[in-house]
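Data first, discussion second: the structure below is written as structure tokens.
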2 protein chains.
Amino acid sequence: MFSKACEYGIRAAVYVALQSLDGRRVSVNEIAEEIDSPIAFTAKILQQLSRSKVIHSVKGPTGGFELDRTEMDTVKLSMIVHAIDGDDIYVGCGLGLKECNANQPCPLHDKFVDIRTDLKNMLENTSLYELATGLEVGLTYLKR
Amino acid sequence: MFSKACEYGIRAAVYVALQSLDGRRVSVNEIAEEIDSPIAFTAKILQQLSRSKVIHSVKGPTGGFELDRTEMDTVKLSMIVHAIDGDDIYVGCGLGLKECNANQPCPLHDKFVDIRTDLKNMLENTSLYELATGLEVGLTYLKR
DNA sequence: AATAAATAGGACAAAAATGTCCTTTATTGG
DNA sequence: CCAATAAAGGACATTTTTGTCCTATTTATT
Ligand code: FES
Ligand code: FES
């Protein structure tokens, strides 16, 4: 469904949001540890997220990654997925035709578009805040 | 969503079904031509589908790939996806945790499972016959 | 100013997915 | 039997994704 990079990216962003709720800024090392991901690879992904304004980065001692409270509401999963995986998942044809086109649909088009639309809506309506709060309460996990 | 191999596999299987409706057996070359896919790679995928009993293969002159009419109804997309991409799409965690586990869910679990279940149902309820008939009537396309 | 801590970024490495080529095996028809 | 045809399969090549390592840059602290 999502690339590894995207999975790590979402988990990382949720962790940053969670810690930002307590006003804590977090380092790449801490993030990678807490979401159980390869450190250097995670660093690349955090760079991408930072460039796409999904999270903020601060250099130097006491630096790290953070998010302000208001952004946790406005940043939706769709932005993260788009920043890392691009828009294939939103506009691509399920059977791999050049583009999805309702005028010359592939045999799976109608059924596929239904699912894709649900997925898109879900991603567009899910904020980092929402995901972070479940974690805070101890109901969900970013690693096992 | 699906791998390239899986996309080609579905398109190939639908084309085989379509031609089998007319009692025509088709070669790898014809299939690759008609679904616009790389020949040798398509051959490998057809081998997989044949081994998984999704389609039948016949060697030698006048050989090729075919499906009997009754199988077109019983073969569902879920079988093709499972044969080629495995069961990740059915049982994997959306955020990449080792396995999807409702007792220790990732933050996206509930919402992800909804989508995944819809996708699973769609694949399990869609037969090759259904997809082939749309093609036959000229309403859908396997290449553009 | 010097040091140290932290992200940014480039170059490289490994693994997986995608794709190609060639030989083998089975089968048909002459 | 022989030749031709088509799938099966093994080995290899290319591309993409995933992952690592090292250096540069920024900045807080002393
Ligand atoms: S054309 Fe294939 S999903 Fe729309
Ligand atoms: S645990 Fe992540 S989707 Fe179920």
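Chain letters run A, B, ... following the sequence lines, proteins first, then strands; residues in each count from 1.
In terms of position along DNA chain D, the nucleotide closest to B/Thr62 lies nearer the 5' end than the nucleotide closest to the other residue of the pair A/Asp85 and B/Thr62.
If you check D/dA8, D/dG9, C/dT18 against the side chain of B/Ala5, the one that comes closest is C/dT18. Considering only the side chain of B/Ser50, D/dA8 comes nearest among D/dT5, D/dT18, D/dA8. When distances run from any side-chain atom of B/Phe65 to the nucleotides D/dA8, C/dG9, C/dT28, the shortest one goes to D/dA8. Comparing D/dT18, C/dT20, D/dA8 by their closest approach to the side chain of B/Gln47 singles out D/dA8. For B/Ser3, the listed nucleotide lying nearest its side chain is C/dT18; candidates were D/dT18, C/dT18, C/dA8. When the nucleotides D/dA7, D/dA11, D/dA4 are ranked by their closest atom to the side chain of B/Lys44, D/dA11 comes out on top. Residue A/Phe41 places its side chain closer to D/dT18 than to any other of D/dA8, D/dC21, D/dT18. Comparing atom distances between the B/Pro38 side chain and each of C/dA5, D/dT18, C/dT20 picks out C/dT20 as nearest. The B/Pro61 side chain lies nearest to C/dT27 when the options are C/dT27, D/dT18, D/dT25.
Using a 4.5 Å heavy-atom cutoff, the side chains of B/Glu71 and B/His56 are in contact.
In this structure, A/Tyr8 does not reach the D/dT18 phosphate: none of its side-chain N or O atoms is under 4.0 Å from OP1 or OP2. Put simply, B/Ser57 has a side-chain N or O that comes within less than 4.0 Å of OP1 or OP2 on D/dA8. In this model, the phosphate group of C/dA8 is not approached by any side-chain N or O of A/Arg51 to a distance below 4.0 Å at OP1 or OP2.
Under a 4.0 Å N-O distance rule, the pair A/Glu30/A/Arg24 qualifies as a salt bridge. The pair B/Lys76-B/Glu124 fails the salt-bridge criterion, with no side-chain N (NZ, NE, NH1 or NH2) lying under 4.0 Å from an Asp/Glu carboxylate O. Between A/Arg144 and B/Glu99 there is a salt bridge, since a side-chain N of the basic residue sits under 4.0 Å from a carboxylate O of the acidic one.
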For residues 78-95 of chain A, which side-chain donor-acceptor pairs fall under 3.5 Å, sequence neighbours excluded?
{"residue": "A/Asp85", "atom": "OD1", "partner": "A/Ser3", "partner atom": "OG", "Å": "2.5"}
{"residue": "A/Asp85", "atom": "OD2", "partner": "A/Ser3", "partner atom": "N", "Å": "3.1"}
{"residue": "A/Tyr90", "atom": "OH", "partner": "A/Ser78", "partner atom": "O", "Å": "3.2"}

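Screening A/Thr126, A/Thr70, A/Ile55, A/Leu128 for a side-chain contact (heavy atoms from CB on, under 4.5 Å) with A/Val75, the sole residue that qualifies is A/Leu128.
Within residues 20-35 of chain B, the residues approaching DNA chain D are B/Val26, B/Ser27, B/Val28, by heavy-atom distance under 4.0 Å.
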